[in-house]
Chemist: 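Have a look at this one before I ask anything.
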Amino acid sequence: MENLQLKTFAEYKKAYKKSVKHPETFWDEIADTFTWHKKWDKTLEWDFSKPEVKWFQGGKLNITENCLDRHLEKLGNKTAIIWEPNDPDEESRYISYRQLFVKVSHFANVLKNNGIKKGDKVCLYMPMIPELAIAMLACARIGAVHSIVFAGFSSAAIARRINDSECKMLITANEVYRGSKKVNLKEICDKALEETPSIESVIVYRRTVEPTPMKEGRDKFWFDELQKAEKECPAEVMDAEDMLFILYTSGSTGKPKGMVHTVGGYMVGTTYTFQNVFQLQKNDVYWCTADIGWITGHSYIIYGPLASGATTVMFEGVPSYPDYGRFWEICEKLNVTHFYTAPTAIRALAKQSLEFVEKHDLSSLKVLGSVGEPINEEAWHWYNDNIGKGNCPVVDTWWQTETGAIMISPLAGITPTRPTFATLPLPGVQPALMDDNGEEITNLNEKAEGRLAIKFPWPSIARTIYGDHERYKEVYFSTYENKYFTGDGSYRDASGNYRITGRVDDIVIVSGHNLGTATIENAIDEHEGVVESAVVGFPHDVKGNALYAYVILYDNVEPSEELRKEIRELVSDTVGPIAKPDKIQFVNNLPKTRSGKIMRRILRKIASNDTSNLGDTSTLLNPEVVEEIKEKALV
Ligand code: PRX
């Protein structure tokens, strides 16, 4: 588990230098530590202008042999997954590497029995239960491509994703517990399935005993299918560049982007970064609180930790149930050593009484992590002081669905940390801070601010957007020549430490969820009373950002609270409850440039109650609307 770890800052610096000077040798040596059926012929082939990136071409492997089979001899009885249920009175589940291996192989045969083959796409819409991990690994075992959709998304959002990648199968659960609520996932799926012609079968895991309506010929229960399946399932031999999964992330246009990750590079990238950032030791217990429906869960609950032979915790519930001490209760109960969460959770918990923290013994903790959005100074200190008691390094890890693995982060206990800074790039990552003229700011010894790009490929970079390579090129490789553009702004201090300042495009991160404003606008515009809308983010002390919608109504439609409610519901049904705008202002017009583009910069400032300097409005077609909107702003 510790075989890839750098142990000192000097070692980090040496490795970093080598990774820049001799990237191929650097990654060759790391990749060599995994189990391959055949070694690769070519380490790297790339051309950001196409764009094309290929790692370990010709190499043959299966990621589940690296996550499971290769550990059986020495770690077979070690706990791979500890599952903590929503209800603290229900029993935790401990699944050893051997048990996980057996369960994954067994379920892989269920997939095969239902006609799933290498290359087929399987959609997973599941709660945080071990069966989600089993299903995803079972897909990987037989070379099927999993497309996990976060189980908070609406029917319409599931259908859109299933149709985009033409999934043949959907795996779900009948119901899910979330805090004091029970959500009927199967019902949500049934609605989605009305519009998904590619789905041939649906496997349903019974999380509760409630009766579940099943469609004859299409829907099958997980346990019934297991009864019919063989237990052993040899791993499909995959090419390093074969697809491992598709994961959708929000984009600046309405359509979500299906990011494609491939087997070899993703495995090497997630495992190397997991071991180095978190620095786990043999008996440590690692808990990442993310949902597996997001990239953090893919890379750092499942693939990175399991390929490293670690013990990884999966939690079904929410931080506030049965009370705000739940996270700390679990840390105490399971002796968690490494705790990885999002700033939005930290801020929400920091608002509660400290008693929720103090009544639990957190002395097992060694390392704290943060991910998903910038962590503000106050939250950083609360986390460091009250949870880490000043003794646990805080690793602020910057990365993206597209990068597959952590890119900029301290190595726990090794890299000097600085509150709110993700600090230094990991070995193999070559950031470029770009100025307003599109030039790289190369002086690392001077403070600078700009936009963040990456100038050299790393193994776990997403290879394309499923079905739309042109869009992949346009979004990530057309802003700067020969560089990957992250969409983030960044500050760099005179020691070369990076602080990510936030998105510079039309994506807003709300409670750590990446939301494209265009998708939400499309949903609002569906309302029969709405002519047009514009959605922007504004700062929120718990969620990081919240959404503010400016909505133009038809002349014959009266603004009302009822209408606001309808619009919120519509967004909830079309995208998901997380995308509901906090504020809806009805306006007569939107500020537009002469070319007809909405000037969002101004709307953002108004929503943020920062109107002292609205900047240049002279290029607007209708500057008078700005005053009008400002006067009635909901701030
Ligand atoms: O804006 C950055 C922010 O989250 C974006 C990526 O979101 P997503 O693809 O959903 O992946 C989230 C989990 C990796 C980035 O473009 N972000 C992520 N981590 C940080 C961050 N912003 C600041 N600091 C971070 N540590």
Side-chain angles (χ1 to χ4, degrees), residues 148-150 152-153 245-252 256-261 266 269-270 273-274 277 288-301 303-304 340-347 368-377 379-380 383 394-410 415 417-426 429 431 451-454 460-462 465 475-476 479 484-492 497-516 519 537 543-545 576 578-579:
I148 305 183
V149 176
F150 170 61
F153 274 121
F245 66 84
I246 301 172
L247 180 60
Y248 287 87
T249 185
S250 306
S252 300
K257 301 173 295 201
M259 304 314 305
V260 171
H261 283 284
Y266 177 81
T270 51
T273 51
F274 174 74
V277 169
C288 165
T289 69
D291 192 288
I292 292 178
W294 310 115
I295 192 68
T296 308
H298 281 60
S299 302
Y300 298 110
I301 296 179
Y303 288 115
Y340 189 28
T341 196
T344 186
I346 299 169
R347 288 190 297 263
L368 301 178
S370 172
V371 60
E373 56 187 312
I375 178 164
N376 50 310
E377 191 108 18
W380 195 98
Y383 198 31
V394 176
V395 291
D396 177 1
T397 64
W398 173 82
W399 58 296
Q400 309 178 296
T401 305
E402 296 84 338
T403 68
I406 298 171
M407 302 289 278
I408 302 182
S409 168
T415 312
T417 58
R418 188 174 168 195
T420 79
F421 280 73
T423 72
L424 300 171
L426 296 189
V429 175
R451 294 178 174 214
L452 188 63
I454 316 281
S460 61
I461 182 176
I465 292 176
V475 175
Y476 304 105
T479 312
Y484 165 87
F485 177 45
T486 63
D488 281 330
S490 178
Y491 167 83
R492 190 170 62 206
N497 290 303
Y498 290 85
R499 168 206 262 157
I500 310 303
T501 49
R503 302 290 312 181
V504 294
D505 54 11
D506 294 330
I507 288 171
V508 183
I509 302 183
V510 179
S511 299
H513 300 313
N514 207 325
L515 299 171
T519 316
K543 301 183 193 181
N545 296 290
I578 47 175

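Residues: numbered from 1 along the sequence shown. Bear in mind the structure is a predicted one, so any value in this text is a computation, not a measurement. Order of appearance sets the numbers: ligands from 1, and atoms from 1 within every ligand.
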Chemist: If we set the cut-off at 4.0 Å for heavy atoms, which region of E373 has an atom near ligand 1: side chain, backbone, both, or neither?
Modeler: backbone
Chemist: Among F274, F245, Y303, find the one that has a ring pair (Phe, Tyr, Trp, His ring centres under 6.0 Å) with H298.
Modeler: F245
Chemist: Considering the heavy atoms of V371, write down every atom of ligand 1 situated less than 4.0 Å from one of them.
Modeler: 13 (C), 14 (C)
Chemist: Should you measure from each heavy atom of T296, which atoms of ligand 1 turn up under 4.0 Å away?
Modeler: 13 (C), 14 (C)
Chemist: Please report the closest heavy-atom contact between L247 and I148, naming both atoms and the distance.
Modeler: CD1-O, 3.5 Å
Chemist: Where on T397 is there a heavy atom closer than 4.0 Å to ligand 1, on the side chain, on the backbone, on both, or on neither?
Modeler: backbone
Chemist: For a side chain to side chain donor-acceptor pair (under 3.5 Å) check, start with the C-alpha distance between S299 and Y266, then their side-chain angles and the critical distance, and finish with the verdict.
Modeler: CA-CA 9 Å; S299 302; Y266 177 81; 2.7 Å; yes
Chemist: Give me the atom names and distance for the closest heavy-atom approach of I301 to A290.
Modeler: CD1-O, 3.2 Å
Chemist: Hey, which atoms in ligand 1 end up nearer than 4.0 Å to a heavy atom of W399?
Modeler: 6 (C), 14 (C), 15 (C), 18 (C), 19 (N)
Chemist: Quick check: closest heavy atoms across H261 and E402, and the distance to 0.1 Å?
Modeler: CE1-O, 3.7 Å
Chemist: Tell me, which protein residue and heavy-atom name are nearest atom 8 (P) of ligand 1, and how many Å apart are they?
Modeler: N514 ND2, 3.2 Å
Chemist: Starting from atom 9 (O) of ligand 1, find the nearest protein heavy-atom neighbour and note its residue, name and distance.
Modeler: T401 OG1, 2.6 Å
Chemist: Stepwise, does the side-chain contact (heavy atoms from CB on, under 4.5 Å) test hold for V510 with I578?
Modeler: CA-CA 8 Å; V510 179; I578 47 175; over 6 Å; no
Chemist: What is the nearest protein non-hydrogen atom to atom 5 (C) of ligand 1, stated with its residue, atom name and distance?
Modeler: I509 CD1, 3.7 Å
Chemist: List the steps and the verdict of side chain to side chain donor-acceptor pair (under 3.5 Å) for Y300 and T273.
Modeler: CA-CA 9 Å; Y300 298 110; T273 51; 2.5 Å; yes
Chemist: Just to check, does G372 reach to within less than 4.0 Å of ligand 1 when the distance is taken from its heavy atoms?
Modeler: yes
Chemist: Out of T249, D488, D396, who gets a non-hydrogen atom closest to atom 2 (C) of ligand 1?
Modeler: D488
Chemist: Does a side-chain N-to-carboxylate-O contact under 4.0 Å join D488 and R503?
Modeler: yes
Chemist: Just jot down the ligand 1 atoms closer than 4.0 angstrom to any heavy atom of I500, in number order.
Modeler: 22 (N), 23 (C)
